[in-house]
Amino acid sequence: MKILSKEDFSDFVNALIKDDSLDVIGVKSKGNKFAFGPLEEASELRLDYDVTLLPPKKYFFPQRETLFTYNIADGSSAKNAEAKPSVIIGVHPYDIVALFHMDEIFKETKSDPHYFEKRNSTIIIGVNIQKMSKWNFSPYMGCATVDYGYDLMLTDLGNRYAISVGSQKGGELLSKYAKNITGALARDIQLVGQKKREIVNMSQQKFDFPIEMIPELLKETYEESGFWEEHAEKCLACGSCVLVCPTCYCFDVKDNPDLALENVERVRTWDGCLLEDFAKIASGENFRPTRPTRYRHRYFKKGKYLFDRFGFISCVGCGRCSSNCLPNIANPVDLFNDMYHETRSMGVQLAPAQTPEVNIQSEGNIDYVPKLATIVKKVVMTANETLFEIKMDDGSELGHKPGQFAEISVFGIGEAPISISSPPTKKGTFEICVRKVGNVTNKLHTLNVGDRVGVRGPFGNGFDVDSLKGKDLLFVAGGLGIAPLRSLFNYVLDNRKDYGHVVLLYGCKEPRELLFSEEMQAVSRRPDVEFKSTVNWCPDNEAWGGNIGVITTLIPQVSFDPNKIHAIVCGPPVMYKYVIADLKARKVPDDHIIVSLERRMKCGVGKCGHCQINQIYVCKDGPVFNYAKIKGIPEAL
Amino acid sequence: MKPKVAFFDFAGCEGDQLQVANLEEELLTLLGQVEVVSFREVMKEHSDDYDIAFIEGSCTRLQDEDRLKQIRKNAKIVVAIGSCATIGGINALKNYKNLDEVRKTVYGENAKLFDTYAARPIDAVIPVDAYVYGCPIDRTEFLQVVKSLLLGKKPDIPNYPVCVECKKNENICAFERGQFCVGPVTRAGCNSCCVNEGTVCWGCRGLVDNPNENSHKEVLIKYGLTVDDAIGKFKLYFGWQEAKR
Ligand SMILES: Cc1cc2nc3c(=O)[nH]c(=O)nc-3n(C[C@H](O)[C@H](O)[C@H](O)COP(=O)(O)OP(=O)(O)OC[C@H]3O[C@@H](n4cnc5c(N)ncnc54)[C@H](O)[C@@H]3O)c2cc1C
Ligand code: SF4
Ligand code: SF4
Ligand code: SF4
Ligand code: SF4
Ligand code: SF4
Ligand code: FES
């Protein structure tokens, strides 16, 4: 531990400010509040602050950030300028722990380069809490003091600062820019220890139970809709509680063209699960349509989902959510205390707290920049659906598995997740079948052969073609659900001898909406495939000789051995419940039912939070799921 | 071929067209993309051959409806700009007055009252394809909308409240400054500009799709407004929308 007098500390900060190669940021006053901002003078620093309006995450994951810029005409892109090294002075321990949480999240599976570029070029100078906001409960979360995650950590000792050096970078910064550094005496070390013990007793909030119980408590309360309705009744869906949170990471991605309509910035901005349209998709379906469901999601996210995934409760107790919620319903302490008392009064016995097994892998970086590709064939299939055949410009294969998807960019408009509809056995190009429903898909329909698109991916897990080998397969496709299933179906046909009996059931609203009609006719003539199709209704002016009724009316028409068959189901959200019920009635075991799900998506790589169903990410853990694994996940089907 | 655009005004202050006229440099770049055929604020000529019609002001007289319907016929895309055109705006305040008078004269012989035509937004008369909210409109957002239309895209107008932008801008909340704000129920998109300037949101962009009005009135009262004043806060801009809800 080092000691620096307050004057010498000021000189140190001013020396940092003078160095033009550094951005120096610190806590300053803003009205009667505090905020991190660029420092012009050491005297602006307010290390005696209670809490800042926004956490320092805004320097690593800014409110608005350009991921890259591209040209509308040819799709060519330019990367951002490199981040300038910076020093952030005055970060409280809970915000340091929060950054550690963010690191884990932005690192999982693949690293987010935009976040880590800034993170790695920033030096964090922490400061131990001198005043604690009345909403702060960081001591309960074990985040009021911290022994890691900083380069330097300051403790105010009256006329001097005690400085713990947390990293080599921190030590070097100190010796390069500070003068008159002395070693800490035993007395100083003791004093710092005493201060830290005092901080732990500063909170004015109070949990009535040990916080280790939070994940189990939540588990017991999920279904208590009355509890959530009562607590969320006053929710304004204003998002304040998540926008100010140091551990929230959800984002939206949008394209912003310049005035000349030549170049476009792809921008990511903060988003939040409390906002009404967060989980809404183009067809109008909203997977978390009500205030209580969104309100509940936030608490589960913090206290259960991320806990199960990472092993920590994703709240550091800064109290920002509590102080920013106008109806005063966002305070985690109040909510969890209520939850505790309610479960107790119901006589629920809580299982002891368990630490989940954490297995976080990370390999390589996310590339947000799409690769260029060209439309080589366009087949209009119905009034709303068109099949596009696409070739990567660099001649590479997309390299997908059946059931995976890609993020397709339409230049000037944006990106949308689309299933690959062709099997990997088709080489040189791939196909997508697109329904026009919104901006990206409408514009894509106006593109022609020779036009360029952008492609990121393939993403998602896809179907496990090997484990299906030798099995009987029952494909159940509703409407556009045929698009992802076709990649597996055609793969099976291309490797027909590896699979047993194959049945395809396909249904849509009316005859003119039938997709791939020629292919279907060819399939219907194959002796080695059983094919049945249906329409919900047939208007008088259309011809239809087949079955009329919803897709489930086809299931009784086929015979299969429930123990040998594996059902593969994809269709509109409403379809799954009914199909699965009918399959179960036919004694198909749960783990023989495989579904492919759709959710709103932005990043495709498990970062933006949009596709989340309870604890799972559809983009990363799915879109293909074994029913046995997700039947216990309440928001899945 | 460049799309032809025309501007029209109804009952309003023309403040929004002024915002457009004031775009200066941006307008020049923008003009490279479109051809303005009618714009009273800056030119004398007028033509009925246009693709995009920007309409300012609310509809306050039955006679205005025909003119609106004609514009709808001529234009491929109709864009309502400003509070008056998008949500009825301040004009809709008079609707409350009439209601009060109606109440006073419940048993009166005054049939004339029923001729009064409540001020209404454009989409109460003709279908509208895009909206530029605000009183006056935000120039950046106006440009966003025009760019989107030119690219064949539905403009991205947020359906979340002003608080979202206000938090991102790291403002001190009006309620913490002893002031009263309707940002929590008002549609964002202005980048919380009034709060950024140290004042409050008055709600000029209208309500979000599903505002929690009761909860927010409770908040206003909890922080010290009288019930009447809280209701008054909602009347200023939300008159037409509240009556419809
Ligand atoms: C794994 C997966 C596979 C899909 N496969 C296909 C396919 O093969 N063919 C097809 O036509 N459609 C498919 N969809 C749906 C398709 O992604 C949406 O229709 C599309 O995103 C709508 O974008 P838009 O810009 O046209 O509409 P807008 O309404 O303008 O959407 C704006 C944004 O909202 C998000 N969004 C809206 N709807 C959806 C949605 N349904 N799913 C995910 N994000 C959404 C997107 O980020 C989109 O950019 C798939 C979706 C998922 C998640
Ligand atoms: S801050 Fe409060 S009112 Fe706003 S979304 Fe969060 S819980 Fe709802
Ligand atoms: S949930 Fe609230 S208290 Fe916890 S870290 Fe987020 S803002 Fe702070
Ligand atoms: S989903 Fe989680 S990280 Fe995203 S906004 Fe909600 S609480 Fe925050
Ligand atoms: S000042 Fe208004 S808009 Fe901003 S956070 Fe407060 S209530 Fe919301
Ligand atoms: S802050 Fe409120 S009053 Fe001001 S422009 Fe935005 S919506 Fe209108
Ligand atoms: S987390 Fe972004 S799409 Fe799944």
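Residue numbering restarts at 1 for every chain, and letters A, B, ... go by the order of the sequence lines. Note that this is a predicted model, so its numbers are computed, not measured.
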Part of [X] within contact of chain A (heavy atom distance under 4.5 Å):
X	value
V219(B)	side chain
E213(B)	neither
K222(B)	side chain
P158(B)	neither
N169(B)	backbone

Any side-chain donor paired with an acceptor under 3.5 Å for N256(A) and Q144(B)?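 Q144(B) and N256(A) do have a side-chain donor-acceptor pair below 3.5 Å.
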
Any luck finding a side-chain donor-acceptor pair between D23(A) and Y59(A) under 3.5 Å?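 Checked: D23(A)/Y59(A) side chains show no N/O donor-acceptor pair below 3.5 Å.
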
Please classify the contact of [X] with chain B as side chain, backbone, both or neither, using a heavy-atom distance under 4.5 Å.
X	answer
R291(A)	side chain
S323(A)	backbone
D258(A)	backbone
N439(A)	side chain
F411(A)	neither
A260(A)	both
L54(A)	both

Would R266(A) and S77(A) count as a side-chain contact (heavy atoms from CB on, under 4.5 Å) if you check the C-alpha gap in whole Å, the side-chain angles of each, and the deciding distance to 0.1 Å? CA-CA 10 Å; R266(A) 183 155 291 170; S77(A) 54; over 6 Å; no

Mutual orientation of the aromatic rings belonging to F227(A) and H231(A) [parallel < 30°, tilted 30-60°, perpendicular > 60°]: tilted

Hey, does the side chain of R600(A) reach the backbone of K280(A) with a donor-acceptor pair shorter than 3.5 angstrom? yes

Has R177(B) got a side-chain atom pairing as donor or acceptor with T199(B)'s backbone, closer than 3.5 angstrom? yes

Y133(B) six-ring face occupied by R187(B) cation (under 6.0 Å, within 45°):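 Verdict for Y133(B): a cation-pi partner in R187(B).
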
Sort out for me which of [options] touches chain B most, counting heavy-atom pairs under 4.5 Å.
options	result
L261(A), D277(A), V244(A)	L261(A)
P257(A), G412(A), G31(A), G272(A)	P257(A)
L326(A), L275(A), L243(A)	L326(A)

D228(B) with K235(B): basic N within carboxylate O range, under 4.0 Å: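 No, this pair does not count.
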
Indicate yes or no: does D451(A) engage K443(A) in a salt bridge with an N to O separation below 4.0 Å. no

Quick check on the interface: out of K153(B), H216(B), K167(B), E170(B), who has the most heavy-atom pairs with chain A under 4.5 Å?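 Of K153(B), H216(B), K167(B), E170(B), E170(B) has the most heavy-atom pairs under 4.5 Å with chain A.
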
Once salt bridge (charged side-chain N to carboxylate O under 4.0 Å, His left out) is applied, what residue pairs with a partner in residues 234-252 of chain A remain, sequence neighbours excluded? K234(A)-E218(B), D252(A)-K254(A), D252(A)-K602(A)

